[in-house]
Number of protein chains: 2
Amino acid sequence: MAGSTSRVRLVDVATAAGTSPSTASRALHGGAGVTDELAARVRQAARELGYSVNRQARSLRRGHDTAIGVVVEDFTIPYFGTIVAQVEQAAHERGFGVVITCAGSGRSEEEAVEPLLSRNVAGLVVATGTAGAPEGFLADLASSMPVVQVDAPLGSPFSDAVGIDNVAAGRRLTEHVLAHGHERVLFVGSGPAASTVELRREGYEQAMRAAGFAPLSTHLGFLPVETADRAVVALQQYLGDGTTPGITAILSGVARVTMGLVSALARLDRRDVAFAAIDDLVGADAFNPPLTVLEQDVETIGARAAQLLFARIEGWDGPPSHEQVPLRMIERGSGELAPAGRTLTAF
Amino acid sequence: MAGSTSRVRLVDVATAAGTSPSTASRALHGGAGVTDELAARVRQAARELGYSVNRQARSLRRGHDTAIGVVVEDFTIPYFGTIVAQVEQAAHERGFGVVITCAGSGRSEEEAVEPLLSRNVAGLVVATGTAGAPEGFLADLASSMPVVQVDAPLGSPFSDAVGIDNVAAGRRLTEHVLAHGHERVLFVGSGPAASTVELRREGYEQAMRAAGFAPLSTHLGFLPVETADRAVVALQQYLGDGTTPGITAILSGVARVTMGLVSALARLDRRDVAFAAIDDLVGADAFNPPLTVLEQDVETIGARAAQLLFARIEGWDGPPSHEQVPLRMIERGSGELAPAGRTLTAF
DNA sequence: CTGAAAGCGCTTACAG
DNA sequence: CTGAAAGCGCTTACAG
């Protein structure tokens with residue numbers, strides 16, 4: 001057991017083993033060039049004293065830390081939680097620490113990243129959903145350290161990226177409800193700044209136009225708390241007043257928005273409106289009706305991001321790779337409703 | 001703009017401002033004892049060069065880092081995501097970094113915490129739900145640095161703690177369904193190791209016994225993926241086979257379990273069984289029937305934990321405080337169902 | 001194979 | 001008010 005007063009240093013271990021700090025360091029980490037016998041003595045002393053290296057000192061000396069940074073837009077969103085979990089796991093396996101920071105709620109990217117850079121992290125996973133301008137702050141960063149972007153709208157020429165094909169996702173979701181006879185379909189995004197969601201909207205518009213229907217979209221904004229209230233107001237506007245024909249299907253571009261829409265539809269008691277969403281939600285099979293979703297494989301996205309990052313950290317020097325992880329449609333019912341007043345026969 | 005090749009050091013700033021590192025350091029952080037004019041020159045040089053302090057060096061010199069550690073059981077669970085978000089926010093406001101680690105999935109506490117200790121974090125927020133043995137590893141830690149426990153079963157004599165009154169929560173949830181005429185009520189926990197959930201079960205048993213009914217409880221385990229399948233199996237066993245009278249109400253002790261139960265009840269199409277849970281769930285108002293919950297104010301729990309931790313870090317030396325944040329019952333319908341075949345008049 | 005020495009970038013008594 | 005010097009704990013050329 002380590003004494004709980006003050007951490008034991010390498011010199012303590014060396015002294016206990018009857019050698020010098022230099023040799024002790026080599027015995028514990030350096031590997032080469034130490035007698036087996038002496039190395040064993042050092043390792044035992046380290047064990048007995050409960051030694052663990054002071055990483056600040058090591059990092060200062062080596063010029064980079066065995067830690068990576070993770071920049072996330074919002075920790076309360078399950079998507080990001082899963083990314084963090086995967087990255088932390090990969091880091092832990094390699095003996096790396098993980099320092100996190102939040103880029104949301106009005107903080108600038110510089111401000112968000114400073115706590116990471118000032119700790120000399122060896123690389124960065126950036127999952128903000130909004131970043132990715134090739135001329136931005138991240139590009140600057142990516143030229144001096146490995147950066148992997150997650151859920152980024154565009155592949156940057158300076159960094160690796162892992163995500164989904166957003167345009168195709170929007171198209172596929174749209175085609176799903178079109179196939180069930182819908183023509184007046186509303187797409188709901190979170191806001192113009194969420195560029196991945198905007199790409200999904202683009203896919204939606206492509207699919208609508210290809211089918212000969214007019215696209216119609218709106219935004220709910222970013223704050224989950226307010227989302228349900230806004231959704232009620234927004235939906236009432238589009239659902240029709242009995243005289244004008246309203247929309248018959250709703251598509252949600254992202255989980256946060258789905259949460260709001262699901263509550264709003266429940267409050268309005270409109271279970272007749274078809275509804276499908278990008279991103280799965282916990283309990284979606286218990287919704288009324290059960291929610292059809294186009295699911296992202298978030299675990300794979302997080303795991304691949306970590307793999308790419310550590311490959312770079314370990315020196316891999318290939319061209320930036322932009323990976324797209326396949327999506328999976330989970331049909332649970334809500335997206336398969338036919339438009340009210342119309343019976344489908346062919347499907 | 002900072003050059004992107006190599007970080008600028010304090011000595012660079014000092015040189016640019018025509019002074020020494022000592023004075024530059026004092027001008028930027030130390031505060032006292034530098035001419036206004038010189039201080040201004042240093043600050044401008046720092047700004048122009050894009051200087052930001054190397055925290056590893058600072059920490060090494062000062063003996064402790066301006067960073068805190070957060071130990072979490074599982075980042076994908078919204079409860080912990082909210083704790084992390086709150087703590088990160090508080091840390092950021094104080095110029096502290098946040099390094100995280102996961103204590104779940106078979107890692108020992110020592111192993112989980114090592115990456116934090118080896119970085120000399122100034123304090124720890126520990127949210128593992130299972131820890132809290134007064135003689136454990138954490139107690140050892142708490143004697144050498146500030147530790148705040150979140151969601152801990154017992155108040156440790158060595159550290160602050162923030163959470164809820166778990167026994168009272170179990171009692172209150174139980175009394176809710178008892179008030180609607182239920183007598184055969186099943187409590188579902190996650191596993192014997194989750195001691196906060198076990199305390200909730202204790203409250204449930206107290207309430208059942210006080211009402212003269214026999215308590216009946218089971219566990220679903222920890223893995224969210226398997227939970228729904230296990231829940232189906234478990235529920236079939238308790239719901240009765242038509243000849244024997246089954247349970248008429250189910251209580252869930254924690255969010256992960258609720259997710260499984262909600263899916264299982266949907267699959268079994270048993271909307272007649274009353275159901276109430278501790279912890280709110282996203283979309284709970286869209287469930288069928290809408291889910292009644294006893295909600296934890298997780299944001300307040302996280303915020304208070306951070307406040308306590310930083311108070312300790314800044315030197316506050318009061319006795320360990322064990323705070324319990326009030327709960328809120330959200331009645332949405334699922335817990336208010338009367339037992340099938342029995343009509344209530346009095347409520 | 002081993003150890004004395006230098007140095008990573010910072011802060012802080014200490015002397016002026 | 002200012003600066004030269006020491007030292008936080010480690011690693012790594014360098015010399016032996």
Side-chain angles (χ1 to χ4, degrees), chain A residues 2 6-43 45-46 49-67 95 97 114-115 117-122, chain B residues 2 6-43 45-46 49-67 95 97 114-115 117-122:
Chain A
S6 136
R7 288 178 60 82
V8 8
R9 299 154 304 160
L10 186 59
V11 63
D12 303 322
V13 175
T15 306
T19 183
S20 71
S22 327
T23 302
S25 174
R26 276 188 292 257
L28 292 175
H29 317 290
V34 182
T35 322
D36 284 358
E37 194 262 335
L38 184 49
R41 228 162 62 222
V42 170
R43 276 194 291 269
L49 295 174
Y51 174 74
S52 92
V53 67
N54 179 330
R55 288 179 203 256
Q56 325 229 245
R58 166 188 285 181
S59 306
L60 186 59
R61 173 64 224 238
R62 286 195 176 159
H64 60 94
D65 197 1
T66 50
E114 195 277 337
L117 300 187
S118 67
R119 285 186 176 73
N120 282 319
V121 293
Chain B
S6 135
R7 287 179 60 83
V8 6
R9 298 153 305 161
L10 186 59
V11 63
D12 302 322
V13 174
T15 306
T19 183
S20 70
S22 328
T23 303
S25 176
R26 276 188 292 257
L28 292 175
H29 317 289
V34 182
T35 321
D36 284 359
E37 194 262 336
L38 183 49
R41 227 161 62 221
V42 170
R43 275 194 293 271
L49 296 173
Y51 173 75
S52 93
V53 68
N54 180 329
R55 288 179 203 256
Q56 325 229 243
R58 166 188 286 181
S59 306
L60 185 58
R61 172 64 225 238
R62 286 194 176 159
H64 60 95
D65 196 2
T66 50
E114 195 276 337
L117 299 188
S118 67
R119 284 185 177 74
N120 283 317
V121 293

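Computed from a prediction, not measured in an experiment: that's the story for all the values here.
Nearest heavy atoms, L60(B) versus A57(A): CD1-CB, 3.7 Å. In terms of heavy atoms, R55(A) sits closest to E114(B) at NH2-OE1, 3.0 Å. For the residue pair T66(A) and R119(B), the shortest heavy atom distance occurs at O-NH2, 2.6 Å. The minimum heavy-atom distance linking A14(B) with P21(B) is given by the pair CB-N, 3.6 Å.
For S20(A) and dA4(C), a side-chain-to-base donor-acceptor distance below 3.5 Å is absent, hydrogens and geometry of angles not being considered. Taking only distance into account, the side chain of R26(B) meets the base of dG3(D) through a donor-acceptor pair shorter than 3.5 Å.
Here, dG16(C) and dT12(C) have their C1' atoms 16 Å apart, quoted to the whole Å. A distance of about 23 Å separates the P atoms of dA6(C) and dT2(C), rounded to the whole Å. Distance check on atom P: dC1(D) versus dA5(D) gives 23 Å, rounded to whole Å. Between dG9(D) and dA13(D), the distance separating the two P atoms is 23 Å to the nearest Å.
One interatomic measurement links the two molecules: CZ of R9(A) to P of dG7(D), which rounds to 13 Å at whole-angstrom precision. H29(B) places its NE2 atom 15 Å from the P atom of dG9(C), with the value rounded to the nearest Å. The nearest whole Å value for the distance from the CG atom in L60(B) to the P atom in dT12(C) is 13 Å. Taking atom CG of residue N54(B) and atom C1' of nucleotide dC8(C), one finds them 8 Å apart after rounding to whole Å. Rounded to an integer number of Å, the gap from R62(B) CZ to dC10(C) C1' is 9 Å. Per the geometry, CG belonging to L10(B) stands 14 Å off P belonging to dC8(C), to the nearest Å. Computed from coordinates, the D65(B) CG to dG9(C) C1' distance equals 14 Å when rounded to whole Å. We find that NE2 of H64(A) is positioned 19 Å from P of dG7(C), with the value rounded to whole Å.
For S59(B), no side-chain nitrogen or oxygen approaches OP1 or OP2 of dC10(C) to under 4.0 Å. At the phosphate of dG7(C), neither OP1 nor OP2 sits under 4.0 Å from any side-chain N or O atom of R61(A). An OP1 or OP2 oxygen of dG9(C) is reached within less than 4.0 angstrom by no side-chain nitrogen or oxygen of Y51(B). Phosphate contact (OP1/OP2 of dT11(C), side-chain N/O of S25(B), threshold under 4.0 Å): present. Note on T23(B): a side-chain N or O is less than 4.0 Å away from OP1 or OP2 of dG3(D).
Nucleotide dC1(D) forms a Watson-Crick or G-U wobble pair with dG16(C), both donor-acceptor distances falling under 3.5 Å.
Residue order along DNA chain D, read from the 5' end via each residue's closest nucleotide, puts T19(B) first among S52(A) and T19(B).
Residue S22(A) has its side chain nearest to dA4(C) when only dA4(C), dG9(C), dT2(C) are considered. Looking at the side chain of T35(B), the nearest of the listed nucleotides dT2(D), dT2(C), dT11(D) is dT2(D).
Side chain to side chain, S118(A) and R7(B) fail the donor-acceptor criterion of an N or O pair below 3.5 Å.
Applying the side chain to side chain contact (heavy atoms under 4.5 Å, CB included) test between L10(A) and each of T15(A), V42(A), L28(A) identifies L28(A) as the sole match.
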